[in-house]
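Everything quoted here is computed from the prediction, not taken from an experiment. Order of the sequence lines fixes the chain letters, A, B, ..., with proteins taken first and strands second; residue numbering starts at 1 for each chain.
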Protein chains: 2
Amino acid sequence: MLTDRQRMILNAIVDDYISSAEPVGSRSISKRGDVGYSPATIRNEMADLEELGYLEQPHTSAGRIPSHKGYRYYVDHLVPWNSAEIAEMGTIRTFFAEKLNATEQVIQHAAMILSNMTNYTSILLGPEVFHTSLRHFQLLPLDDKTAVAIIVTSTGQVENRTVNIPPEISISEIEKVVNLLNSKLKNVPLYKLKTQLYTELGQEMQRHISHYEELMKMLDTALDSENEQRIYLSGATNMLTQPEFKDVDKVKHILDLLEETPTLLKMMSPVPGGPGIQVRIGTENDHEAFANCSLITATYSLDGQALGSIGILGPTRMEYARVMGILGILSRDLTAMLAHWYK
Amino acid sequence: MLTDRQRMILNAIVDDYISSAEPVGSRSISKRGDVGYSPATIRNEMADLEELGYLEQPHTSAGRIPSHKGYRYYVDHLVPWNSAEIAEMGTIRTFFAEKLNATEQVIQHAAMILSNMTNYTSILLGPEVFHTSLRHFQLLPLDDKTAVAIIVTSTGQVENRTVNIPPEISISEIEKVVNLLNSKLKNVPLYKLKTQLYTELGQEMQRHISHYEELMKMLDTALDSENEQRIYLSGATNMLTQPEFKDVDKVKHILDLLEETPTLLKMMSPVPGGPGIQVRIGTENDHEAFANCSLITATYSLDGQALGSIGILGPTRMEYARVMGILGILSRDLTAMLAHWYK
DNA sequence: GTTAGCACTCATCTGAGTCGAGTGCTAACG
DNA sequence: CGTTAGCACTCGACTCAGATGAGTGCTAAC
């Protein structure tokens with residue numbers, strides 16, 4: 001669709017604009033060593049590229065900036081893959097050399113590393129509990145009215161929540177039920193837990209246990225795995241350093257969105273079967289506030305099952321090549337590490 | 001030290017400036033219904049107040065703004081206490097009416113309520129685990145090399161961490177030790193846990209258990225209660241709406257500090273024996289970035305022991321009366337609620 | 001002690017003028 | 001025919017002078 005020369009010029013413009021944040025003119029492109037054409041020729045091509053929708057002009061007599069379509073083309077066809085990878089390997093690998101033993105810590109730390117390395121905002125989605133299975137369930141009375149329910153998953157994650165004990169039920173009965181649950185529901189995936197509770201155990205419990213109703217109600221809240229995924233943000237303020245967000249009002253909307261966990265969850269939830277690294281440019285994000293932002297995401301997984309995702313949010317004028325390289329490495333390494341832990 | 005009239009004028013100026021964010025002139029003070037003096041008189045008094053250090057002039061021929069000393073005087077002597085309390089009671093009480101059963105949820109929710117009500121940034125320090133005692137300890141093997149250590153405190157908080165199992169130690173030995181720990185260390189305050197482990201159990205274990213060294217090392221990391229207090233932030237972006245922070249660079253420094261958990265911990269850690277509500281104005285905060293901010297904090301407690309604190313960060317030009325009122329009520333109610341839960 | 005009057009200060013706003021980067025178009029060149 | 005030089009034109013960004021007005025300090029009168 002595009003000629004070689006057009007591709008070359010588009011590439012040059014995007015590169016220039018990424019590093020300068022200013023509309024780039026024909027002369028500055030022409031002056032680059034690798035471009036053997038005069039400004040006039042570049043201008044002609046630029047006019048064509050604009051007509052095709054790859055470039056935009058803020059106003060007549062300003063240089064050109066890439067349009068969303070231009071960025072898209074750049075990301076899909078022009079990003080120099082290999083070169084970027086190697087440069088950052090060192091930093092990432094030393095990160096994994098530090099011994100961290102809790103998954104949560106790793107994710108949190110990774111978020112920081114990412115935002116520091118890129119100077120953008122990193123958004124990490126903690127491992128999803130949903131698809132892991134039950135390792136151990138426990139109900140620990142605190143006083144005569146409340147108890148802590150503890151769920152340990154096969155990946156070693158611990159969920160806990162406080163529940164009220166119905167006054168009619170005795171401690172010994174609770175113990176009986178908990179033992180029953182542990183023997184019958186062990187290794188059942190969390191998302192099947194509740195249905196299995198009713199189908200497999202319902203009858204048996206109804207026979208042996210008094211106050212079936214109240215007990216079930218309590219277990220229901222106790223096992224409510226809530227599917228709560230943790231979101232880790234880091235470097236949100238890096239947004240403020242980008243010249244395109246020097247206007248406080250615009251950045252306010254962005255940062256406000258970043259405080260809304262549900263929005264982030266939705267944005268970051270892994271697309272099943274999607275490619276390894278996803279790039280959403282400008283309006284491809286659902287939120288108007290992100291019209292001038294790009295979100296690059298990758299997923300990490302265990303046993304081929306996507307567990308969570310890591311992402312970088314920055315201006316549309318973003319160092320795509322570098323960020324995509326870094327995310328690629330980090331997601332692969334995270335996946336490898338998880339596989340090693342929970343083989 | 002100040003005459004009644006000076007106090008009245010200082011009060012009027014602070015009030016005006018709080019709501020307008022612009023230097024206030026003599027005429028606008030004079031026009032207020034409750035002030036019966038001409039602009040010229042006000043001017044004379046203002047000149048005196050400036051000389052005393054309570055007011056400042058951004059430049060000649062601008063109105064006056066309160067100095068830090070002025071705010072301090074206002075907070076210490078002029079804040080209209082009672083009036084503020086009643087207005088907000090409704091909202092806060094309905095917050096407590098919602099049934100939330102996990103402490104963490106309550107704190108997080110409270111942070112949101114606070115920032116929404118005040119339009120400032122709220123910083124909450126989660127309940128300190130440090131002074132609570134051990135209710136239950138458990139070591140749950142995940143595979144042959146790793147286990148999850150779970151600590152349940154007397155207040156129902158659950159801490160967990162992953163540990164490596166030394167290869168020399170058998171499962172049955174671990175069970176023995178855990179049982180021993182539960183019987184001997186129950187109700188021991190967390191901060192005494194490690195010392196008691198060595199003094200009370202050291203000998204006994206050394207006798208019964210092989211591989212004492214490795215085992216102790218594992219328990220040491222397992223019981224490392226780490227004293228990790230959770231910080232909850234909400235409404236950080238409200239800073240951006242304040243006219244004094246329309247400059248991106250200034251606000252960047254502030255938001256950067258807000259991302260540093262250790263800094264926040266230090267700022268928010270309760271002053272033992274301090275008064276119920278603390279106000280730190282401008283440079284009274286240790287960090288230069290907060291020179292134009294005020295931090296108002298209150299603590300909540302259990303059994304007279306300060307557990308955590310709640311705070312509001314805003315510009316020095318802050319609605320002190322309202323915020324102090326709200327914090328006062330909320331901290332009292334949190335304290336009451338905790339007392340009710342863990343009587 | 002209080003107030004009116006007045007000269008003075010100084011940040012902010014406005015509009016005109018200048019500058020320069022960059023364009024589009026036309027014509028000439030190889 | 002593709003490429004390039006030349007030139008008029010556009011338009012945001014910057015600068016500077018003048019106008020505006022809110023607010024002060026001081027003095028003198030009430």
Side-chain angles (χ1 to χ4, degrees), chain A residues 2-10 12-17 19-67 70 243-244 246-247 317, chain B residues 2-10 12-17 19-67 70 243-244 246-247 317:
Chain A
L2 293 187
T3 67
D4 273 1
R5 192 167 70 185
Q6 283 176 325
R7 287 229 293 272
M8 194 254 292
I9 290 174
L10 177 56
I13 290 175
V14 175
D15 277 347
D16 251 41
Y17 186 63
S19 56
S20 74
E22 309 235 308
V24 353
S26 53
R27 218 174 97 82
S28 61
I29 295 292
S30 164
K31 271 194 299 189
R32 289 167 58 126
D34 51 341
V35 187
Y37 299 98
S38 77
T41 311
I42 309 281
R43 276 205 292 281
N44 289 332
E45 294 287 25
M46 272 160 60
D48 290 350
L49 282 170
E50 186 174 357
E51 207 168 346
L52 289 169
Y54 294 100
L55 296 179
E56 283 173 357
Q57 226 173 354
H59 56 87
T60 350
S61 90
R64 304 300 209 291
I65 61 174
S67 66
E244 38 264 88
K246 71 174 197 299
D247 180 15
R317 179 189 64 77
Chain B
L2 295 186
T3 67
D4 275 359
R5 192 166 71 185
Q6 282 175 325
R7 289 230 292 272
M8 194 254 292
I9 289 174
L10 177 56
I13 289 175
V14 175
D15 277 347
D16 251 39
Y17 186 63
S19 56
S20 75
E22 310 236 307
V24 354
S26 54
R27 217 174 96 83
S28 63
I29 296 291
S30 164
K31 272 194 298 190
R32 288 166 58 123
D34 52 339
V35 187
Y37 299 98
S38 77
T41 311
I42 309 282
R43 275 206 292 282
N44 289 332
E45 294 285 28
M46 273 161 59
D48 291 351
L49 281 169
E50 185 173 358
E51 207 168 346
L52 290 168
Y54 295 100
L55 295 179
E56 284 173 355
Q57 226 173 353
H59 57 86
T60 350
S61 91
R64 303 301 208 291
I65 61 174
S67 67
E244 38 264 87
K246 70 175 197 300
D247 180 14
R317 177 191 65 78

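One atom, CD of B:E22, and another, P of D:dA22, lie 12 Å apart when rounded to the nearest Å. Rounded to an integer number of Å, the gap from A:D48 CG to C:dT23 P is 14 Å. Summarising the geometry, the separation between CG on A:N44 and C1' on D:dG2 is reported as 10 Å, rounded to the nearest angstrom. Atom CD1 of A:I65 and atom C1' of C:dG22 are 15 Å apart (whole Å). Following rounding to the nearest Å, B:I13 (CD1) and D:dG23 (P) show an atom-to-atom distance of 12 Å. Atom P of nucleotide C:dG1 and atom CG of B:D4 are separated by 16 Å, given to the nearest angstrom. Summarising the geometry, the separation between CD on A:E45 and P on C:dG24 is reported as 13 Å, rounded to the nearest angstrom. Distance CZ (A:R43) to C1' (C:dC25): 10 Å, rounded to an integer number of Å.
A heavy atom lying under 4.0 Å from DNA chain D marks the following residues of residues 26-35 of chain B, by number: B:S26.
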Within the sub-3.5 Å range, which N or O atoms of nucleotides 14-16 of chain C have a protein N or O partner, and how far apart are they?
none

Within the sub-3.5 Å range, which N or O atoms of nucleotides 11-15 of chain D have a protein N or O partner, and how far apart are they?
residue : atom : partner : partner atom : Å
D:dC11  : OP1  : A:T60   : OG1          : 3.4
D:dC11  : O4'  : A:S61   : OG           : 3.3

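As judged by a 4.0 angstrom heavy-atom cut-off over every strand, A:A40 is placed among the base-contacting residues.
Considering all non-hydrogen atoms of both residues, B:L10 and B:G70 come closest at CD2-O, 4.3 Å. Nearest approach of A:Q6 to A:D48, heavy atoms of both residues: NE2-CB, 3.8 Å.
Looking only at distances, a side-chain donor or acceptor of A:S67 sits under 3.5 Å from a matching main-chain atom of A:G53. Side-chain atoms of A:S30 do not come within 3.5 Å of backbone N or O of A:S26 as any donor-acceptor pair.
The shortest distance between side-chain heavy atoms of A:P23 and A:I65 falls below 4.5 Å. Side-chain contact between B:Y54 and B:I13 is absent, with no heavy-atom pair separated by less than 4.5 Å. A heavy-atom distance below 4.5 Å is found between the side chains of A:Y37 and A:R5. Contact annotation: the side chain of B:P243 never approaches that of B:E22 to less than 4.5 Å [non-hydrogen atoms, C-beta and beyond].
Counting distance only, with no hydrogens placed and no angle test, the side-chain atoms of B:R64 and the base atoms of D:dG25 include no donor-acceptor pair under 3.5 Å.
Put simply, B:S38 has no side-chain N or O that comes within less than 4.0 Å of OP1 or OP2 on C:dT2.
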